[in-house]
Amino acid sequence: AIYTMDISEQKPPISQFTLNELITMSGSHERHGLQSECLTADTQSDFEAFHFPCRIDALIIGIGTTGEATISYNLQTFRLRKNTMFCFAPNTILQAESMQDFRSHVVVISSEFLRNMHINLRDLMPVMLQQAGNPCLELDDTKSRTICDFIGLIEQEVRAPEKPYSREIVRNLLTSIIYKIGNILHAFYSVRTDDTSMARDRSESYFKRFTELLGENYRKERSVGFYARQLCITPKYLTTLIKRVSGASVSDWIDRYVILEAKTLLKHSHMSIQEIAYYLNFPNQSFFGSYFKRVTGMSPTRYKESSL
C-alpha cells in the first residue's frame, strides 16, 4: 500500500503567530489600527506560547530590568538579565527555557509595519550581520536608560487614542531606536577589531545566510552539498566556515533543526510517528526512527512517552 498525506492540512510544526495573536494570548482583547502593529510592554506576563519553540512575525527589541531568563534563539542559548539588550528578528525560532522573575521593557513591531519604515539598510547591514549571530548584548546603565526612554516614548504614543500623525510619530521613534542600536553595535564591534576581522565578518555573513537557508529547507534538504551549492562555495569550505563561527558542524546544525521540529511534533501535535516521518521527508518510519535515535539516544516512541 502507498501511504499519502495532505501536508497542507497539518498545523505548522513550530507554532507561528502574529503580533495580534500574541496580544490575545497575553489576555488582552484584539486590537486594531496602530495598536495591532506595535506593542510595548513592561513585561510581567509569562506567555504559555514561549514555553515551546515558536516563531513570531514581528521584530522584538527589549532591555532587561530585573531578574534573569534563559532563552533559545535559533537553537542557541542566551542569558538575559538587567541591562541586557536583546533584538530578535521576525520569524526566528524562540523559546523561553527558564524565567526567574525576569522583567524587561519591550517593543514588538509587526513585519508589515517594518516594511513601511524608511531605513537605510545598506548602512546598517554590517553591524546587523554581526548582531544576528549574537542577539543579546550587555549595556551600561546610561545606554540601557536611553533605550528604555525611547521605548517609553513609543509606548505613550501607541497607548494614546490614534490621531492623524500617530503612525508617523511611532515610525520615526522606531527608526531612531533602530539607529541608536546601530550606533551601540558599531561602537561595540569596532572596539573588537583585529587582523582577522574581515575574515570573521565574511564567515559570519555566510553563517547568517546558511541559517536562513536551513530554516527554509531543512524539512526537505539534509545534505551539506545542497547548502554549499546554494551559497556557491564548496562543502569543505562551508563546513570550515560554520565550524569556525558556531563551533558546530553543518551536519550538527541540520540535525538540530530537524530534531527540534520532530520533538515539537511528537509532543505537541496529533500526528502519528509515521506521519511525522513523511512530513520531515524521511522515506519511511524506520529511517526516521533510526535517525532520531542516533541524534537523541532514544526512539521517537520513547521520547513521545517521556516527560522530557
Side-chain angles (χ1 to χ4, degrees), residues 12-16 50 52-56 60 70-79 86-97 125 128-137 196 199-268 276-283 287-300 303 308:
I14 295 178
S15 299
Q16 296 178 267
F50 288 97
F52 309 107
C54 60
R55 294 185 178 99
I56 306 171
I60 301 174
T70 302
I71 60 100
S72 173
Y73 173 85
N74 277 349
L75 306 179
Q76 292 180 283
T77 300
F78 297 92
R79 178 67 60 85
F86 50 93
C87 301
F88 302 140
N91 293 314
T92 45
I93 301 174
L94 290 174
Q95 181 179 11
E97 297 182 352
M125 191 58 69
M128 290 305 179
L129 282 174
Q130 290 175 299
Q131 188 270 343
N134 183 23
C136 305
L137 185 65
T196 62
R200 184 177 61 246
D201 290 350
R202 184 170 63 250
S203 297
E204 290 175 349
S205 178
Y206 273 117
F207 177 69
K208 180 177 184 293
R209 182 61 185 140
F210 164 69
T211 55
E212 290 173 348
L213 286 167
L214 186 56
E216 295 167 0
N217 298 284
Y218 68 91
R219 190 162 63 84
K220 294 183 178 180
E221 299 289 347
R222 288 191 284 275
S223 72
V224 177
F226 169 82
Y227 295 100
R229 286 192 299 274
Q230 297 300 306
L231 293 167
C232 300
I233 57 178
T234 66
K236 183 177 180 180
Y237 187 46
L238 175 62
T239 299
T240 301
L241 288 175
I242 301 306
K243 186 76 172 180
R244 182 188 303 156
V245 173
S246 69
S249 69
V250 175
S251 296
D252 288 339
W253 277 101
I254 295 170
D255 288 346
R256 289 179 187 182
Y257 268 65
V258 175
I259 292 300
L260 176 61
E261 195 89 5
K263 285 182 174 180
T264 305
L265 287 168
L266 288 166
K267 288 291 189 182
H268 311 296
I276 294 170
Y278 282 104
Y279 188 90
L280 294 175
N281 206 38
F282 287 89
F287 271 80
F288 170 64
S290 297
Y291 175 89
F292 190 92
K293 188 170 184 178
R294 174 178 65 79
V295 178
T296 68
M298 65 175 68
S299 69
Y303 177 79
L308 297 176

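Throughout, residue positions are numbered sequentially from 1 according to the sequence presented.
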Output for pair (Cys87 SG, Leu137 CG), nearest 0.5 Å, gives 8.5 Å
Shortest non-hydrogen pair, Phe288 vs Pro300, comes out as CE2-CG, 3.7 Å
Close side-chain approach of Trp253 and Phe210, heavy atoms under 4.5 Å: yes
*Check: Asn281 main-chain N/O paired with Arg219 side-chain donor or acceptor under 3.5 Å*: no
- Within a strict 4.5 Å, meaning less than it, do heavy atoms of the Leu94 and Ile60 side chains meet? yes
Heavy-atom closest pair (Leu238 atom, Ala228 atom, distance to 0.1 Å) is CD2-N, 3.6 Å
Nearest heavy-atom contact between Tyr73 and Ala89 is OH-N, 3.6 Å
Would you say that Phe86 contacts Ile71 through its side chain, given a criterion of any heavy-atom pair below 4.5 Å between the two side chains?
no
Value for CG (Leu214) from CZ (Arg256), rounded to nearest 0.5 Å, stands at 10.5 Å
Hits for side chain to side chain contact (heavy atoms under 4.5 Å, CB included) against Arg229, two or more places apart or cross-chain, chain-then-number order -> Phe226
Closest non-hydrogen contact found for Glu97 with Ser72 is OE2-CB, 3.3 Å
Check: Are Phe292 and Leu266 close enough that some pair of their side-chain heavy atoms sits under 4.5 Å apart?
Finding: yes
**Message:** Quick check on Phe287: does its CZ atom have over 12 non-hydrogen neighbours (other residues, nucleotides or ligands) under 6.0 Å away?
**Reply:** no
Rounding to 0.5 Å, atoms CD1 (Ile242) and OG (Ser251) come to a distance of 11.5 Å
Between Ile259 and Val295, the two heavy atoms sitting closest are CG1-CG1, 3.5 Å
Do Tyr291 and Asp255 have side chains that get closer than 4.5 Å, going by heavy atoms? yes
Under a 4.5 Å cut-off applied to non-hydrogen side-chain atoms, are Thr296 and Lys263 in contact? yes
**Q.** Any Phe78 side-chain heavy atom under 4.5 Å of Thr70 side chain
**A.** no
Across all chains, not counting sequence neighbours, the salt bridge (Lys or Arg N to Asp or Glu O under 4.0 Å) partners of Glu212 are Lys208, Arg209
Face-on cation placement of Arg244 at Tyr206 ring, 6.0 Å and 45° thresholds: no
Check your understanding: Is the closest side-chain heavy-atom distance between Ile276 and Phe282 below 4.5 Å?
Key -> no
Checking Tyr227 side chain against Glu221 main chain: does a donor-acceptor pair fall under 3.5 Å?
-> yes
